[in-house]
Amino acid sequence: MKIYYTLTGQKEVFEPLIPSRVSMYACGVTVYDYCHIGHARSAIIFDVIRRYMRYKGFQVTYVRNFTDIDDKIINRARQENVSWDVIAKQYTDAYYEDMDMLGVGRADVEPKATEYINEMIEIIKALIGKGIAYVSDGSVYFSVDKFPGYGKLSKRDMEEMLAGARVDVDKRKKNPLDFALWKNSKEGEPFWESPWGLGRPGWHIECSAMSLKHLGESFDIHGGGADLLFPHHENEIAQSEAFTGTPFAKYWVHNGFITIDKEKMSKSLGNFFTIREVLDKFDPEVLRFFLLSTHYRSPIEFSDEQLREAESSIDRYYTTAVRTNDFLERNDSGYKELSGTGKSFSELLSAFKESFEEAMDDDFNTAQALGHIFELIRECNRFLDSKPSGQEAGELILKTRELLTETGTVLNIFNRTPLEWYSSLMHVKNIGLSEEDILEQIGKRQDARNRKDWQTADIIRRDLEEKGVLLEDKKDRTDWKIKVG
RNA sequence: GGCGGCGUACCCAAGUGGCCAAGGGGGAGGUCUGCAAAACCUUUAUUCAGCGGUUCAAAUCCGCUCGCCGCCUCCA
């Protein structure tokens, strides 16, 4: 397995620190507002990495934090005239709702910054003791000059950063690039007691404290959005390695941004969509599928059109699922020799898993993995078109279903029944008909068809289609589905 | 200014030295069907932004040019 490694800028063979175990830490969210789809992208890719590691047989420990104290939370609380922890609680709950919808599993440990104040203070004390951090005006700063490797992750030169002049001038800092480990609290702000007076932790130190506590001094994978690379992850390395004297994370994984009209989606530009907004119009699986259809490091352009295409793709899967179910229900299990189509399908089937793993082993190439899945779907349909029957054919289709379920579980897509998919679409698209209504219309149409009253039958079908319901006449029944795309 | 990335068909998107350049969406024609839909088949890139170079061989490596984007400040 290869993973793109931010430090060297190329794909490296993945070798965990402890064989057969994987420890990973992902930067979670600051809980001060609803999550947008950028948060979803990050959460989903790490969810997939974790699922794939488990699939490969690794024992995974996955830690994802919540930043529950921060300027933005304090500001939000002030605006709404409530306590900071009310805001944190509200948006932590909202986060879980969103992630549950998207099929993002809980991490093994989900620490909150405010539960690790003591651990952070201990690290800060030690850094001061080593002369790497200094106290200034009730706050504590990390002295980047004292950490020789500063800038190694983001490949930045300190001289150039200073020349860039976009760093704020702060009299309390010895070097403008120094960053706060502990912040002196101002009047009316939440605070904790510390050796340096009342205050609260700086942003970066929490990840150092929580990863140390749950994963140890060194662990395998650390990641988050590409915008965390600098300064957040750079600072984490500095603090952690200065404190422990050993290498921090072995592999750094950063996901690319979501863009709108080619521009980075961001809060400040105001061009962002919350997960909730999107799920108002689309099934959650559509968003998840869409985000996995591009490699995680590439930027991904977001639009309704893209989502509609994703919806059509998923529908192709569920349409095929209906076919395989039908086949297995009717197939007679007597002996019958496999046709040529059957034989070539059988070959594809045996190669499929390897293809899927090859794609995923290559830096979690979910886009390519999906390509293989759709190739399997096409060949499965082709096989079914050849009107197969017999025990061996049944086994092939059964095997197909197994493989699709197994790989679908890694990506956490394609895990519902076709009926569940269409019921969900019915709601999300506001069809305004119930399943019973549709079945009633199908019954009426069938009566007309029995009378060979094609005109009435076609009118019923057209009326339903206008409402977004498609009918498909099969040999012995008529199926309904929701129009996608 | 420094650092980094991207440019593959009508759209999205894999592919980073060598089998016909994956897959999805869309278009056109066909098979099937009462008609449809779905599915399948054929077709839609002799070519990978452009120009040079390295190589027996390049979308893939190197150089230059053009265009787009990101980071350097909180940010997934």
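Letters go in sequence order (proteins before strands), and every chain restarts at 1.
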Check whether any side-chain N or O of [X] sits under 4.0 Å from OP1 or OP2 of [N], and answer yes or no.
X        : N     : answer
A:Lys264 : B:C71 : yes
A:Arg316 : B:A38 : no
A:Arg461 : B:G34 : no
A:Asn255 : B:A76 : no
A:Asn365 : B:G15 : yes

Check: Charged N to carboxylate O below 4.0 Å: is that the case for A:Lys183 and A:Asp70?
Finding: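 No, this pair does not count.
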- Ionic contact status for A:Arg477 with A:Asp479, cut-off 4.0 Å: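 A:Arg477 and A:Asp479: salt-bridged.
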[M] and [N], which share atom name [atom1], separated by this distance in whole Å:
N     : M     : atom1 : answer
B:A38 : B:G50 : P     : 36 Å
B:C35 : B:A49 : P     : 47 Å
B:U47 : B:U60 : P     : 15 Å
B:A59 : B:U8  : C1'   : 7 Å
B:C3  : B:A22 : P     : 38 Å
B:C48 : B:C61 : P     : 15 Å

To the nearest Å, how far apart are [X] [atom1] and [N] [atom2]?
X        : N     : atom1 : atom2 : answer
A:His295 : B:G24 : NE2   : P     : 21 Å
A:Phe374 : B:A22 : CZ    : P     : 17 Å
A:Asp178 : B:U73 : CG    : P     : 14 Å
A:Leu470 : B:U33 : CG    : P     : 21 Å

Counting only side-chain heavy atoms from C-beta out, which of [options] sits nearest to [X]?
X        : options             : value
A:Asp227 : B:A14, B:C75, B:G34 : B:C75
A:Glu309 : B:A14, B:G34, B:C12 : B:C12
A:His39  : B:A76, B:G2, B:C40  : B:A76

task: Can you spot which of A:Trp84, A:Tyr34, A:Tyr96 makes a ring-ring contact (aromatic ring centres under 6.0 Å, His included) with A:Tyr91?
output: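 With A:Tyr91 as partner, A:Trp84, A:Tyr34, A:Tyr96 yield a single ring-ring contact (aromatic ring centres under 6.0 Å, His included), made by A:Tyr34.
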- Query: Out of A:Tyr25, A:Trp252, A:Trp203, which one pairs with A:His233 under the ring-ring contact (aromatic ring centres under 6.0 Å, His included) rule?
  - Reply: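 Among A:Tyr25, A:Trp252, A:Trp203, the one meeting ring-ring contact (aromatic ring centres under 6.0 Å, His included) with A:His233 is A:Trp252.
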Check: Counting only Watson-Crick or G-U wobble pairs whose two distances fall under 3.5 Å, which nucleotide matches B:C61?
Finding: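 Base-paired to B:G53.
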Is B:A45 paired to anything, Watson-Crick or G-U wobble with both distances less than 3.5 Å, and if yes, which nucleotide?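 Across any shown strand, B:A45 pairs with none.
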Select base, sugar-phosphate, or nothing to describe what A:Gly225 touches, counting heavy atoms under 4.0 Å on all strands.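 Counting heavy atoms under 4.0 Å across all strands, the contact made by A:Gly225 is with sugar-phosphate only.
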task = Report yes if the ring of A:Phe257 lies under 5.5 Å from the six-membered base ring of B:A76 with planes under 30°, and no otherwise.
result =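 Check failed, A:Phe257 does not stack on base of B:A76.
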Taking the six-membered ring for Trp, are A:Phe219 and A:Phe248 ring centroids under 6.0 Å apart?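 Under 6.0 Å, so yes.
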*Taking the six-membered ring for Trp and the full ring for Phe, Tyr or His, determine whether the centres of A:Phe66 and A:Tyr95 are under 6.0 Å apart.*
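Yes: the rings meet the under 6.0 Å criterion.
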